[in-house]
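Report on one structure; see the data block that follows.
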Amino acid sequence: MHAREFGSAGAARPISRSAIGLGTLALTGRSGPVDDRASVATIRFALDIGVTLIDAAVVHGAERVERLVGRAVAGRRDEAVIAACGGFRRDAGGRRARLDGTPGHLRRSCESSLGRLGVDHIDLYYLAGVDPRVPVEDSIGELAELVAAGKVRHVGVSGVSVDQLRRAHAVHPVAALAAEYSLWERRVEAECLPAARRRGGAVFACRPLGRGFLTGRIRSADQLAARDLRRDDPRFWPENLPGNLDLLRAAEKAAADRDIGLSRLALAWLLCRNGGVTPVPSTRDRLHLEMNAAAAGVRLTPEECEHLAALFPPAAVAGRAVP
């Protein structure tokens, strides 16, 4: 697995992490049944094959995921680059209810995450979104205090505008921008991605396989369980999915011509984007994890990258991605 660095824009020492990370949304149980023992084994297997970036920065089921990550990295802390996030409150069902970027809440959230993870520091701590009641400078200022205290090594942001990114970076270097980014969701390319690059920040692509759409396994909304988060995503609604599947078929042909799976091709496409993007696909299956990691070995020409992008013109995607 190829290694990349992030955090070079700040005073803290840059961190080397794998070119592809492991997301943990699939371990929350919101997109299918999960088994805690198997989940821990999957995270450990990721470390075994060189996937060192373990992204526990999920909103739904974050407490459960952080405990699983903590169990998995016990005794192997030096092998893992751990990301987590704060800046939101949950309802009684454990789902995000609203943003809360107040300094006191961010500090308490970080302390709680450290306890669940069983570690003394978090390598990358994200602000999960900008609370409209709190200036972004105040929220980032608190994360800077956590860096100074040694509890966080680098600061990241998610769900920000270009102006908010600029203001955040003026308070403390933003080491990474997390955003949904894939062949069929490319809004980040317009402004936020170039802005992060200009400031020396890494770009971590969340949902790089389009919540499973780019795996080719979702052919009907009827395949989604009643509690599946994708039922709230307009791209998967019955009136939109057929048109999106037409786009998918063209990409599947491109993958077949290359004699590789579409998932691997979609991840390789992100790796070849401007300056390189770090995909963080989520899976609970070790075979899929190994296949995702193999995308780091796929080399695409600039012409192939542009051809794939042209197969998914943003205006042709039916429905709009939701947070």
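Just so it is clear, the values below take in all heavy atoms, side chains as well, and ignore hydrogens, waters and symmetry mates.
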Exercise. Would you call Arg166 and Asp163 a salt bridge, taking side-chain N to carboxylate O under 4.0 Å as the test?
Worked result: yes
Exercise. Around Arg133, counting heavy atoms of other residues, nucleotides and ligands shown, do more than 12 lie under 6.0 Å from its CZ?
Worked result: yes
For this session: Go through the side-chain N and O atoms of Thr278 and Arg17 and say whether any donor and acceptor fall under 3.5 Å apart.
Result: yes
Problem set entry | Min side-chain heavy-atom separation Asn292-Leu209 under 4.5 Å | yes
For this session: Can you spot which of Leu27, Thr28, Val34 makes a side chain to side chain contact (heavy atoms under 4.5 Å, CB included) with Arg64?
Result: Val34
Exercise. Do you see a donor-acceptor pair shorter than 3.5 Å between the side chains of His169 and Arg198?
Worked result: no
For this session: State which residues pass salt bridge (Lys or Arg N to Asp or Glu O under 4.0 Å) with Glu189; sequence neighbours excluded, sorted by chain then number.
Result: Arg186, Arg273
Problem set entry | Gln223 atom CD, over 12 foreign heavy atoms within 6.0 Å | yes
Problem set entry | Parallel, tilted or perpendicular, as decided by the 30° and 60° cut-offs, for the rings of Phe213 and Trp184 | parallel
Exercise. Under the side-chain hydrogen bond (donor to acceptor under 3.5 Å, both in side chains) test, which residues partner Asp257, sequence neighbours left out?
Worked result: Lys253
Exercise. If you count the non-hydrogen atoms of other residues, nucleotides and ligands that lie under 6.0 Å from CZ in Arg320, is the total more than 12?
Worked result: no
Exercise. Could Arg258 and Glu304 be called an ion pair, given the rule that one side-chain N must be under 4.0 Å from one carboxylate O?
Worked result: yes
Seminar exercise, completed: Contacts of His105 meeting side-chain contact (heavy atoms from CB on, under 4.5 Å) (sequence neighbours excluded), chain-then-number -> Arg89, Asp100, Thr102, Arg108, Ser109
For this session: Answer yes when Arg235 and Glu180 have at least one side-chain N-carboxylate O distance shorter than 4.0 Å, and no when they do not.
Result: yes
